[in-house]
*Asks:* 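To start, I am sharing the structure in question, which I have written as structure tokens.
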Amino acid sequence: MTEMQLSLINFPYREMLSNIFQDYSNDFEFTASGIFRKIVPPLCPECGHPMSHNGFNTCQKRHLGGANVGKYLCGACGKSTEENRDFWVNLKADFLGIITEICTRLRLNHVSYEVIESIMGYLYPRDKDTIRNMVQCAIDEMDIPPVKNIQFVHYDEQHPKAGRNQKYRLTLLDSVTRQVIADELYDSKDADTIESFLRRNLDTQKQIFIVTDLYRGYSDIFKRVFGNKVIHQFCLLHLNKLIVNDFPRKTSIEQELIKYRLLNIFYDREPEIEFLSCLIEEEKTMKQRSDKEYKSWIKEAKNAFHKFVRDLELKRRRENKNLKQRDYYEALNNFKILKMQSDSFMISVRKRLAKIEELWPNLTAFYFVDNAPATNNPIENFYSALGIKEQIKLSALKKAGVFGRPQKTLLDAFFMFIPFLDTG
């Protein structure tokens, strides 16, 4: 290990210095004046003559400090060399690696580079361009590990009533096979009930991708049950239903356009947006006329638009196509544009955009897992009124003890046929 020549100044840091120089042999020394060098100077790389100590060079890093690295001089040929400074390079790399990780975590949570720059001013000053380069280089070097043996599951609830009693139907559906994993009725749907239901019916040691509606309480339950093995996706169609409900039933053309721009974040709604954009200027003109004329015009305009939307849906059905889903960067760009313009929108739209921003990781999880579902459509299709009635009755029978221990086995019933066996 490197020989330490301790002084009153560096004595409190002896353990720290030992860790820094632990990979160097006992041929090296760290002098009382803070120079790192070989105890016996090396041979000259040019002529092979023994060199001598010749002061030091200082390697510095702004805001951190500097280290003195020994120099050597050959008395025969005048060649000058410097000691290896890898220890200093490693120290900087460790420190800047942590800074980069902090900045990357902030970006993961959608903090802008401008805000990160201001935060770094309190820690280790970095301008936003440097931070951007650090983060992007770190991301480029990361390899996303492939997710193997993942189970894709849909989870949803219904709230049927049995007479005057409120019931809660919890359902798990396998996304790949469309087979029901579990479908049970409970008197409550508190966190403990849901957690118990999940533990009984799913392998908690297996990586799982689970799709739910936008109830945020699920995330904490899933973390308790599956730990870090869960990827939680919020249903995009459920989000779209909430977006539609944010607007009044009788919208203006301008409101309808904003609605479809929100729906356009994750799904291609450009034809509808183009149709509505053509009506905006005409609406401004009609608003200047009498109330009666405007109401008549907007009724006709909305009817024409609704017919246009229905025709698009029928065309997709005939061609057996679904509404086109946007790729991640298209969705992100559409959202950012809306967010920048949000001050001009009504309060309900601003709140919805804030919610989307908050829930963005759960709304976009499907983009980063191959073949992952983005909606809860399969489980919505599974639900039916008949299914609810069956579950209510089965649950009542179960509570009544009808499904207790069997009184007779299949073998018992089979043995009753022995006297009638055909011996011919």
*Asks:* Indicate whether the side chain of Asn362 and that of Arg216 have a donor and an acceptor atom separated by less than 3.5 Å.
*Replies:*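 Side chains of Asn362 and Arg216: no pair found under 3.5 Å.
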*Asks:* For the residue pair Ser252 and Lys287, confirm or rule out a side-chain donor-acceptor distance under 3.5 Å.
*Replies:*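 Note: Ser252 and Lys287 side chains miss the donor-acceptor criterion.
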*Asks:* Spell out, as yes or no, whether a donor-acceptor pair under 3.5 Å connects the side chain of Gln207 to the backbone of Lys229.
*Replies:* yes
*Asks:* If you measure from OH on Tyr328 to CG on Leu332, what distance do you get to the nearest 0.5 Å?
*Replies:*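 The OH atom of Tyr328 sits 5.0 Å away from the CG atom of Leu332.
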*Asks:* Would you check if there is a donor-acceptor pair between the side chains of Arg107 and Gln136 at a distance under 3.5 Å?
*Replies:* no
*Asks:* Under 6.0 Å from the ring centre and within 45 degrees of the ring axis: does the NZ or CZ of Arg132 meet both conditions for the six-membered ring of Tyr113?
*Replies:*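 Yes - Arg132 lies over the ring of Tyr113, closer than 6.0 Å to its centre and within 45° of its axis.
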*Asks:* Does the side chain of Pro45 come within less than 4.5 Å of Thr81's, by heavy atoms?
*Replies:*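 Counting from C-beta outward, Thr81 and Pro45 do come under 4.5 Å.
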*Asks:* Is the distance between the ring centroids of Phe36 and Phe56 less than 6.0 Å?
*Replies:*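 No, ring centres 6.0 Å or more apart.
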*Asks:* Does the pair Tyr186 and Glu184 meet the rule for a side chain to side chain donor-acceptor pair (under 3.5 Å), with working shown?
*Replies:* CA-CA 7 Å; Tyr186 295 90; Glu184 300 176 11; 2.3 Å; yes
*Asks:* Between Phe21 and Phe28 (judged by ring centroids, cut-off 6.0 Å), do the two rings come close enough to count as a pair?
*Replies:*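 Centroid distance Phe21-Phe28: not below 6.0 Å, so no.
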*Asks:* Is any side-chain N of the basic residue among Glu114 and Lys128 closer than 4.0 Å to the acidic one's carboxylate O?
*Replies:*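 The answer is yes: the pair qualifies as a salt bridge.
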*Asks:* Do other residues, nucleotides or ligands put more than 12 heavy atoms under 6.0 Å from the CZ atom of Arg200?
*Replies:* yes
*Asks:* Determine, for Glu300 against Lys295, whether the closest basic-nitrogen to carboxylate-oxygen distance falls under 4.0 angstrom.
*Replies:*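 A salt bridge is absent here (no side-chain N lies under 4.0 Å from a carboxylate O).
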*Asks:* Is Asn68 close to Asn57 at the side-chain level, that is, under 4.5 Å between some pair of heavy atoms?
*Replies:*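 They are not in contact (no side-chain heavy atoms under 4.5 Å apart), so the answer is no.
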*Asks:* Between Thr100 and Val135, is there a donor-acceptor pair closer than 3.5 Å when you use the side chain of the first and the backbone of the second?
*Replies:* no
*Asks:* Report the C-alpha distance between Tyr124 and Arg126 in whole Å, list the side-chain angles of each, state the deciding distance to 0.1 Å, and finish with yes or no for side-chain contact (heavy atoms from CB on, under 4.5 Å).
*Replies:* CA-CA 6 Å; Tyr124 183 72; Arg126 304 267 86 180; 3.4 Å; yes
*Asks:* Is there a donor-acceptor contact under 3.5 Å from the side chain of Ser277 to the main chain of Ile273?
*Replies:*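 Yes, Ser277 side chain to Ile273 backbone: donor-acceptor pair under 3.5 Å.
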*Asks:* For the residue pair Lys189 and Tyr215, would you count it as a cation-pi contact if the rule is NZ or CZ under 6.0 angstrom from the ring centre and within 45 degrees of the ring axis?
*Replies:*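 Yes, a cation-pi geometry holds between Lys189 and Tyr215.
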*Asks:* Below 4.5 Å, heavy atoms only, C-beta onward: do Leu353 and Phe345 meet side chain to side chain?
*Replies:*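 Counting from C-beta outward, Leu353 and Phe345 do come under 4.5 Å.
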*Asks:* Any side-chain heavy-atom pair from Phe305 and Glu272 closer than 4.5 angstrom?
*Replies:*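 Yes. Closest side-chain heavy atoms under 4.5 Å.
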*Asks:* Looking only at atom types and distance, does a side-chain atom of Ser344 sit under 3.5 Å from a main-chain N or O of Gln341, one as donor and one as acceptor?
*Replies:* yes
*Asks:* Can you spot which of Phe335, Phe234, Tyr367 makes a ring-ring contact (aromatic ring centres under 6.0 Å, His included) with Trp360?
*Replies:* Phe335
*Asks:* Checking Trp297 against Glu283: is there a side-chain donor and acceptor pair closer than 3.5 Å?
*Replies:*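 No pair is found: no donor N or O on one side chain lies under 3.5 Å from an acceptor on the other.
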*Asks:* With sequence neighbours excluded, what pairs up with Tyr72 under the side-chain hydrogen bond (donor to acceptor under 3.5 Å, both in side chains) test?
*Replies:* Glu83
*Asks:* Should Pro125 and Met120 count as side-chain neighbours, where that means a heavy-atom distance under 4.5 Å?
*Replies:*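 Side-chain contact under 4.5 Å: no.
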*Asks:* Just checking, is any N or O donor in the side chain of Ser290 or Glu293 under 3.5 Å from an acceptor N or O on the other one?
*Replies:* yes
*Asks:* Please indicate whether Lys351 has more than 12 foreign heavy atoms, meaning atoms of other residues, nucleotides or ligands, lying under 6.0 Å from its NZ.
*Replies:*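 At most 12 heavy atoms, drawn from other residues, nucleotides or ligands, come within 6.0 Å of this atom.
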*Asks:* Any carboxylate oxygen within less than 4.0 angstrom of a Lys/Arg side-chain nitrogen, looking at Lys38 and Asp27?
*Replies:* no
*Asks:* Do Tyr155 and Ile379 touch side chain to side chain, with heavy atoms closer than 4.5 Å?
*Replies:*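 A side-chain contact is absent here, since even the closest heavy-atom pair is not under 4.5 Å.
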*Asks:* Check whether Asn90 reaches the backbone of Asp86 with its side chain - one donor and one acceptor, N or O, closer than 3.5 Å.
*Replies:* yes
*Asks:* Between Asp174 and Thr177, is any side-chain donor less than 3.5 angstrom from a side-chain acceptor?
*Replies:*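 Yes, Thr177 and Asp174 have a side-chain donor paired with an acceptor closer than 3.5 Å.
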*Asks:* Go through the steps for Asp156 and Thr171 under the test side chain to side chain donor-acceptor pair (under 3.5 Å), then give the verdict.
*Replies:* CA-CA 6 Å; Asp156 205 358; Thr171 306; over 6 Å; no
*Asks:* Is it true that atom CG of Leu314 has more than 12 heavy atoms of other residues, nucleotides or ligands lying nearer than 6.0 Å?
*Replies:*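 Atom CG in Leu314 is packed in, count exceeds 12.
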*Asks:* Testing the 3.5 Å rule here: is there a donor-acceptor pair between the side chains of Asp203 and Gln151?
*Replies:*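 Asp203 vs Gln151: no donor-acceptor pair found between side chains.
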*Asks:* Do any N or O atoms from the side chain of Ser196 and from the backbone of Asp192 form a donor-acceptor pair under 3.5 angstrom?
*Replies:*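 No; zero donor-acceptor contacts below 3.5 Å.
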*Asks:* Near Lys336 NZ, under 6.0 Å, is it more than 12 heavy atoms from other residues, nucleotides or ligands?
*Replies:*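 Check fails, neighbour count at 12 or below.
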*Asks:* Given side-chain contact (heavy atoms from CB on, under 4.5 Å), test Arg37 with Phe30 step by step and report yes or no.
*Replies:* CA-CA 7 Å; Arg37 65 189 185 187; Phe30 184 72; over 6 Å; no
*Asks:* If I compare all heavy atoms of Asn84 with all of Val69, which pair ends up nearest, and what's the gap?
*Replies:* O-CG1, 4.3 Å
*Asks:* Are Phe209 and Phe366, when compared by the centres of their aromatic rings, separated by less than 6.0 Å?
*Replies:* no
*Asks:* Is Glu319 salt-bridged to Arg316, going by a charged N under 4.0 Å from an acidic O?
*Replies:* no
*Asks:* Partners of Tyr168 by side-chain hydrogen bond (donor to acceptor under 3.5 Å, both in side chains), sequence neighbours excluded?
*Replies:*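 Partners of Tyr168 under the side-chain hydrogen bond (donor to acceptor under 3.5 Å, both in side chains) test: none.
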*Asks:* With rounding to the nearest 0.5 Å, note down the distance linking CG in Asn245 to CG in Asn240.
*Replies:* 11.0 Å
*Asks:* Distance from Tyr267 atom OH to Leu262 atom CG, nearest 0.5 Å?
*Replies:*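 It is 15.0 Å, given to the nearest 0.5 Å.
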*Asks:* Between Phe152 and Ile208, is a side-chain contact (heavy atoms from CB on, under 4.5 Å) present by the stated rule, with each step listed?
*Replies:* CA-CA 6 Å; Phe152 297 104; Ile208 188 169; over 6 Å; no
*Asks:* Considering only NZ, NE, NH1 and NH2 on the basic side and carboxylate oxygens on the acidic side, decide whether Glu313 and Arg310 come within less than 4.0 Å.
*Replies:*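 No, this pair does not count.
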*Asks:* For Thr193 and Asp190, run side chain to side chain donor-acceptor pair (under 3.5 Å): C-alpha distance rounded to whole Å, both residues' side-chain angles, the deciding distance at 0.1 Å, then the answer.
*Replies:* CA-CA 5 Å; Thr193 300; Asp190 58 23; 2.6 Å; yes
*Asks:* Would you find more than 12 non-hydrogen atoms of other residues, nucleotides or ligands less than 6.0 Å from Asn228 atom CG?
*Replies:* no
*Asks:* Would you kindly say whether Asn376 and His154 are connected by a side-chain donor-acceptor distance under 3.5 Å?
*Replies:*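 Yes - a donor-acceptor pair under 3.5 Å links their side chains.
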*Asks:* Please check if atom CG in Asp327 has more than 12 non-hydrogen atoms from other residues, nucleotides or ligands closer than 6.0 Å.
*Replies:*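 Yes, because the 6.0 Å sphere around CG of Asp327 holds more than 12 heavy atoms from other groups.
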*Asks:* After noting the C-alpha distance and the side-chain angles of Tyr260 and Phe275, does the key distance pass the ring-ring contact (aromatic ring centres under 6.0 Å, His included) rule?
*Replies:* CA-CA 11 Å; Tyr260 272 86; Phe275 189 103; over 10 Å; no
*Asks:* Report yes or no: does Thr31 contribute a side-chain atom to a donor-acceptor pair with the main-chain N or O of Ile35 at less than 3.5 Å?
*Replies:* yes
*Asks:* Applying side chain to side chain donor-acceptor pair (under 3.5 Å), run through Asn264 and Arg326 and close with a yes or a no.
*Replies:* CA-CA 8 Å; Asn264 191 51; Arg326 298 205 170 278; 2.8 Å; yes
*Asks:* Partners of Lys307 by side-chain hydrogen bond (donor to acceptor under 3.5 Å, both in side chains), sequence neighbours excluded?
*Replies:*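 In terms of side-chain hydrogen bond (donor to acceptor under 3.5 Å, both in side chains), with neighbours along the sequence ignored, Lys307 is linked to Asp311.
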*Asks:* Any chance you could lay out the side-chain contact (heavy atoms from CB on, under 4.5 Å) test for Val211 and Thr375, step after step, and finish with the verdict?
*Replies:* CA-CA 7 Å; Val211 188; Thr375 72; 5.8 Å; no
